[in-house]
Visitor: 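One structure, pasted below without further comment.
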Amino acid sequence: MDEPGEHQHGSVAVAEQQDHQHGHGHGGHGDHAAQFRDRFWLSLALSIPTVAASQMVGELFGYEVPSWAGWVAPVLGTVVFCYGGWPFLTGAVGELRGRQPGMMTLVALAITVAFVASGLTTLGVAGLRLDFWWELALLVVIMLLGHWLEMRALGQASGALEALAELLPDNAERIEEGGEVRSVSLAELRVGDTVLVRSGARVPADGSVTDGSAEVDESMVTGESRAVRREPGDRVVAGTVATDSAIRVRVGAVGEDTALAGIQRLVADAQSSRSRAQALADRAAALLFWFALTAGALTATIWLLIGDATTAVERTVTVLVIACPHALGLAIPLVIAISTSLSARNGILVKDRLALERMRTVDAVLFDKTGTLTKGRPTVTGTLAVQGVPEAEVLALAAAAERDSEHPLARAIVEAAETRGEVPRATEFTSLTGRGVAATVRGQRIAVGGPALLRERAVSLPDELTGRTDSWAERGAAVLHVLRDDAVIGAVALADEIRAESRQAVDALHAAGVRVVMITGDARNVAEAVAADLGVDEVFAEVLPEDKDAAVTELQQRGQRVAMVGDGVNDAPALARADVGIAIGAGTDVAIESAGVVLASDDPRGVLSARRLSVASYRKMWQNLTWATGYNLLSVPLAAGVLAGIGFTLAPAAGAVAMSLSTIVVALNAQLLRRLDLRPVTGRT
């Protein structure tokens with residue numbers, strides 16, 4: 001069993017089977033968890049009086065069950081068997097029809113044998129002394145608890161496609177013949193239509209700009225942190241946002257032909273591909289079933305040959321009931337539930353029950369750059385001034401001119417200036433479309449903009465600034481020049497700032513023997529500058545959404561187990577394809593839905609915490625499985641009577657008590673996982 005966390009796939013199968021039988025759609029694992037939860041609580045309530053009214057329990061604890069209570073255990077035990085045991089009975093039918101007996105068949109065998117034997121004992125048939133009503137009730141309750149915990153921890157969200165669809169607007173403003181603008185649903189759009197996209201609105205379909213120009217936020221599709229200027233002839237993608245002005249777009253693709261729909265298909269394909277990991281789990285559960293059946297058959301045969309029929313039946317029933325130990329039913333779900341709770345308290349949300357186990361085997365972590373290793377928003381990284389002008393004054397004048405602008409670069413400049421001192425007031429603000437801004441500050445005309453502004457005003461950059469600004473540009477920074485009365489007095493560099501925590505995360509991963517790879521839609525020079533700063537091992541640059549998915553596949557084909565860390569829609573296919581998808585919690589809904597693990601904060605050091613939890617929880621799983629299996633290997637032969645020749649046989653009551661004690665040991669061992677320290681690593685900044 002390579003992955004112990006996979007051995008209880010039967011609960012998923014029975015839940016899906018019940019959906020099919022009742023004509024339900026895919027209600028999701030949350031609905032299935034609710035089914036097991038409801039059955040668990042009612043069965044638990046019925047089990048308490050069932051256990052208390054059991055003659056066997058009374059003998060064990062030295063009290064006498066009143067004669068009027070003689071039918072309490074049989075009646076309530078029957079209800080528990082029929083109601084609480086129903087998922088296991090129907091699940092067993094499904095497994096046997098598919099000729100793949102597993103955990104459901106094993107549980108169904110144990111509770112059915114216990115039910116029949118206890119019923120015959122209650123009716124006084126053949127002198128049997130197999131009052132297993134209390135054991136039947138506890139077995140059903142504990143197995144329901146285990147499968148409820150499993151379904152809760154399963155957590156593979158089915159909302160990725162819905163989150164993608166929500167990126168599109170509900171309606172589009174189509175321009176009719178004659179220039180009239182009419183609101184229509186997206187389904188009414190056709191290739192060749194022209195739509196109006198107002199400032200702040202989302203583009204409803206893929207197409208090209210026919211009129212107007214705007215800064216378009218494409219970060220949800222390309223991962224690029226800076227808005228991109230789109231002018232007539234440029235292509236735009238459905239779901240992106242025109243941030244500063246209105247544009248007209250001729251529709252070039254709708255519905256399934258859009259780039260967003262393509263990402264949806266990649267996410268769906270990648271998510272469906274991971275279900276093949278369950279085959280090994282089913283085979284492991286099948287071995288448990290055949291072990292129980294073989295042990296029961298051998299016990300019945302041997303005791304029929306050397307003893308009487310009543311003894312043979314008692315020994316066989318005891319073996320079959322004990323062969324499905326409570327401990328094995330809880331060994332994995334308890335660890336998963338505790339590790340999920342522990343991780344949540346430390347800002348790590350485990351959404352896929354297998355993601356945590358796989359994290360321990362990861363030997364390559366693929367980080368998306370923008371918003372993951374970096375802050376995902378522009379920050380002032382440098383200021384230059386000509387001789388005789390203080391750098392602080394250059395920044396303050398630039399901020400004054402930019403204060404009334406809503407552009408992300410303008411906000412970054414104002415933020416930086418305000419942290420260093422007072423920003424003077426400006427008047428006569430003017431937005432210079434595609435070139436920058438201008439305003440009057442302290443009676444002087446201040447302009448801030450890029451190379452286009454210098455060309456328009458026929459202004460040359462002073463030699464003393466050229467070398468540094470060229471260096472900034474080579475590293476991918478946006479360079480804005482500050483002009484006072486048409487003379488350049490300085491420049492400001494803005495770039496996506498690297499998180500200090502990213503350096504610590506990279507160092508810690510290297511110390512653990514894990515390769516660190518970075519992927520981004522940014523230009524190669526930008527990517528390589530960030531990679532060199534962080535010490536990243538490999539870089540994928542200038543990639544499109546489908547390239548990110550392909551990059552994960554390429555790493556996997558090299559034989560590496562890959563964890564993908566990202567925060568954007570463009571990361572969703574790669575997150576779903578990776579062995580472990582880790583979404584930054586500050587990212588988009590679709591990235592979160594496509595991942596198996598979500599970091600509630602934007603601290604990439606959470607990857608290390610998830611890995612430590614993976615190693616620790618995997619160790620606990622194997623400890624519990626070893627204990628439960630060891631109990632089986634010891635108790636089943638004793639229950640079968642292998643030591644009967646020296647006068648020792650394991651009584652049914654003693655076997656049942658030992659089974660319960662084994663469950664307690666497993667539960668206590670799982671609780672020790674709560675002592676794990678998951679605080680972020682610290683190191684260089």
Side-chain angles (χ1 to χ4, degrees), residues 54-56 59-60 77 81 85 88-89 92 95-96 99-136 138-139 143 283-329 625-663:
S54 171
Q55 294 290 345
M56 187 179 291
E59 293 173 5
L60 283 174
F81 172 75
F88 307 107
L89 298 174
E95 289 181 347
L96 293 175
R99 298 182 180 180
Q100 293 182 328
M103 182 60 74
M104 288 295 176
T105 308
L106 187 59
V107 176
L109 174 66
I111 64 176
T112 301
V113 168
F115 174 72
V116 173
S118 300
L120 293 177
T121 298
T122 300
L123 296 174
V125 176
L128 293 176
R129 296 164 298 173
L130 294 167
D131 178 16
F132 276 123
W133 290 116
W134 74 281
E135 179 60 22
L136 162 66
L138 288 183
L139 180 57
M143 288 302 169
R283 287 197 298 271
L287 290 176
L288 292 173
F289 168 75
W290 292 116
F291 168 75
L293 211 58
T294 302
L298 287 174
T299 301
T301 302
I302 293 172
W303 278 101
L304 283 173
L305 292 176
I306 66 174
D308 58 87
T310 299
T311 302
V313 171
E314 288 181 350
R315 292 288 102 205
T316 302
V317 169
T318 303
V319 165
L320 291 175
V321 173
I322 289 178
C324 180
H326 303 58
L328 196 58
L625 285 178
T626 300
W627 175 269
T629 303
Y631 161 82
N632 237 19
L633 294 176
L634 178 64
S635 62
V636 168
L638 292 177
V642 294
L643 298 181
I646 61 173
F648 178 81
T649 57
L650 183 66
V657 171
M659 191 186 307
S660 298
L661 290 175
S662 177
T663 304

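All heavy atoms count here, side chains included; hydrogens, waters and symmetry mates do not.
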Visitor: Going by atom type alone, with no hydrogens or angles, which donor-acceptor pairs under 3.5 Å involve a side-chain atom of residues 104-112 and a protein atom two or more places apart or on another chain?
Guide:
from : atom 1 : to   : atom 2 : distance (Å)
T105 : OG1    : E95  : OE1    : 2.5
T112 : OG1    : A108 : O      : 2.6

Visitor: To check you understand the geometry: which heavy-atom pair defines the closest contact between G77 and L136, and what is its length?
Guide: O-CD2, 3.8 Å
Visitor: Tell me whether the rings of W133 and F115 are parallel (<30°), tilted (30 to 60°) or perpendicular (>60°).
Guide: perpendicular
Visitor: Mind listing the side-chain donor-acceptor pairs of residues 291-303 below 3.5 Å, one per line with the distance, residues two or more places apart or on another chain?
Guide:
from : atom 1 : to   : atom 2 : distance (Å)
T294 : OG1    : W290 : O      : 2.7
T299 : OG1    : A295 : O      : 2.7
T301 : OG1    : A297 : O      : 2.9
W303 : NE1    : A640 : O      : 2.5

